[in-house]
Amino acid sequence: MAKPVIWVTRTLSNATLERAARDYEVIWDAADAPGSAEDIIAMSAKVDGIIPCHSEHFTADVVAQLDPRLQIVANHSVGVDHCDLPALKSKGITVTNTPGVLSDATAELAMMLMLGAARHAVTGDRIVRSGEWDSWSPAFLVGKQVTGARLGIIGMGGVGRALARKARGFDMEIHYHNRHQLPPEDEAGAVYHESLDDLLAISDFLSLHCPATPETIGLMNNDRLARLPKGCVIVNTARGNLIDETALLAAIETAHVGAAGLDCFATEPGGNPAFATHENIVMMPHVGSATLKTRDAMGFKALDNLDAFFRGDEPPDRL
Ligand code: 8YV
């Protein structure tokens, strides 16, 4: 039987590309450019499945123009805000994602951003690297300690829970807000706040781990930022549009927000140049899941979903 044809839109890990080439007829371009709307529409007539990243946007308009040949979109991501799920569903296209396997890597980056923001990592690195470090004082780069501090987590899915586990190792007190309270074994002592405003009011540190949906876009606006204790450190490794960047900038400028660690931005790639003048904002270019171990696991999970689909089984991560 002929192998199904799939389009791998970006440069996935070597192990993923090798396994894909073994089991499928693969279209993949080493140039590694994001797929445009036109690319997606044109490719849909040539392939049975696509493994996209969050860089390929399946908007309602794109989905309306997809060729009926395309049967499955097996995302190489846990977030699916780049996909219009109702449009894909009504077109009969199966959609899957990669939950679970990127939780630890993303939580590690959240921890790095939290510590880096709390301890002036950008300024410290700059002055040592540039040779500007010419004096020392006990009043120098005094930061905020995480030990014993309250960490508020918004969204206690896989990544939120992984961050809670890591933060417990730093003796932080874990609080969270989620659509539903977790069972005690998943809470592991974390304090549930049914009201988001209540969580914000006690968060010395705040980390965002919810998906971007119409309900959560712009979640951290002027009003919610004002509810945080003065000097709160905010971390975002989820999606840039959860934060109103103008509001965050204003809160940083008044020092109401003490520091921020951001891996996601409203505009990607690119980020927000207005943040660059603030060294208490530590920034990374959307690389939360970028470890080799996790890239392999994400690629293999996307392929597991494709394999099940083309075998005629239910893909394990069907949305
Ligand atoms: C990925 C992500 O880097 O999984 C997600 O939702 O944002 C990131 O882990 C990216 O989507 C890779 O395809």
Side-chain angles (χ1 to χ4, degrees), residues 6-17 19-20 26 28-36 39-40 49-59 72-85 88 95-113 154-163 207-213 216-217 219 235-243 261-271 283-306 315-319:
I6 63 166
W7 177 32
V8 176
T9 64
R10 307 302 304 270
T11 298
L12 304 186
S13 74
N14 287 338
T16 305
L17 291 174
R19 179 175 146 186
V26 176
W28 164 69
D29 187 346
D32 197 22
S36 65
D39 294 335
I40 296 170
I50 301 180
I51 303 186
C53 290
H54 73 283
S55 47
E56 284 70 48
H57 299 274
F58 290 76
T59 61
I72 175 165
V73 173
N75 285 295
H76 179 273
S77 65
V78 65
V80 287
D81 47 306
H82 57 289
C83 293
D84 189 317
L85 294 179
L88 284 158
V95 182
T96 62
N97 69 342
T98 59
V101 292
L102 45 76
S103 302
D104 283 317
T106 307
E108 285 176 13
L109 196 84
M111 208 65 223
M112 179 195 105
L113 290 169
I154 302 180
M156 262 311 223
V159 185
R161 294 203 301 276
L163 178 64
S207 194
L208 308 183
H209 298 288
C210 53
T213 64
T216 61
I217 289 171
L219 186 78
V235 173
N236 187 11
T237 55
R239 284 294 181 266
N241 57 8
L242 299 175
I243 297 182
L262 307 174
D263 183 46
C264 319
F265 301 86
T267 302
E268 292 185 11
M283 295 183 276
M284 293 292 281
H286 198 143
V287 288
S289 58
T291 66
L292 182 54
K293 183 175 178 177
T294 290
R295 286 287 182 249
D296 281 348
M298 290 171 74
F300 274 43
K301 207 158 184 30
L303 288 169
D304 290 346
N305 282 313
L306 280 182
D317 307 300
R318 183 185 208 133
L319 293 165

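Every heavy atom of this structure was used, including side-chain atoms; hydrogens, water molecules and symmetry mates were not. Whatever order the structure lists them in is the order used to number ligands and atoms, beginning at 1.
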Subject >> Check: Leu208 and Ile243 side chains under 4.5 Å, non-hydrogen atoms >> reply: yes

Subject >> Validation row: Cys83, Asn75 side chains within 4.5 angstrom (heavy atoms) >> reply: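 In short, these two side chains touch, coming nearer than 4.5 Å.
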
Using a 4.0 Å cutoff against the non-hydrogen atoms of [X], which atoms of ligand 1 qualify?
X      : answer
Leu102 : 4 (O), 9 (O)
Val78  : 4 (O), 5 (C), 6 (O)
Ser289 : 1 (C), 3 (O), 8 (C), 9 (O)
His286 : 2 (C), 7 (O), 8 (C)
Cys53  : 13 (O)
Arg239 : 2 (C), 5 (C), 6 (O), 7 (O)
Gly79  : 4 (O), 5 (C), 6 (O)
His54  : 10 (C), 11 (O), 13 (O)

Original post:
Is it the side chain, the backbone, both or neither of His82 that has a heavy atom closer than 4.0 Å to ligand 1?
Top reply: neither

Subject >> Atom pair OG1 (Thr237) and CE (Met111), whose distance is rounded to the nearest 0.5 Å >> reply: 12.0 Å

Original post:
How many angstroms lie between NE2 in His76 and OG1 in Thr16, if you round to the nearest 0.5 Å?
Top reply: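 Here the rounded value is 5.5 Å.
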
**OP:** Could you tell me whether Asp296 and Arg19 make a salt bridge, using a distance below 4.0 angstrom between a side-chain N and a carboxylate O?
**Re:**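 Result for this pair is no, no salt bridge flagged.
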
**OP:** Identify, for atom 12 (C) of ligand 1, the protein heavy atom at the shortest distance, and state residue, atom and that distance.
**Re:** His76 O, 3.2 Å

Original post:
With a 3.5 Å cut-off and no angle check, do the side chains of Arg295 and Ser289 form a donor-acceptor pair?
Top reply: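 There is such a pair (donor and acceptor under 3.5 Å, judged by atom type) between the side chains of Arg295 and Ser289.
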
**OP:** Applying side-chain hydrogen bond (donor to acceptor under 3.5 Å, both in side chains), run through Ser55 and Arg10 and close with a yes or a no.
**Re:** CA-CA 9 Å; Ser55 47; Arg10 307 302 304 270; 2.9 Å; yes

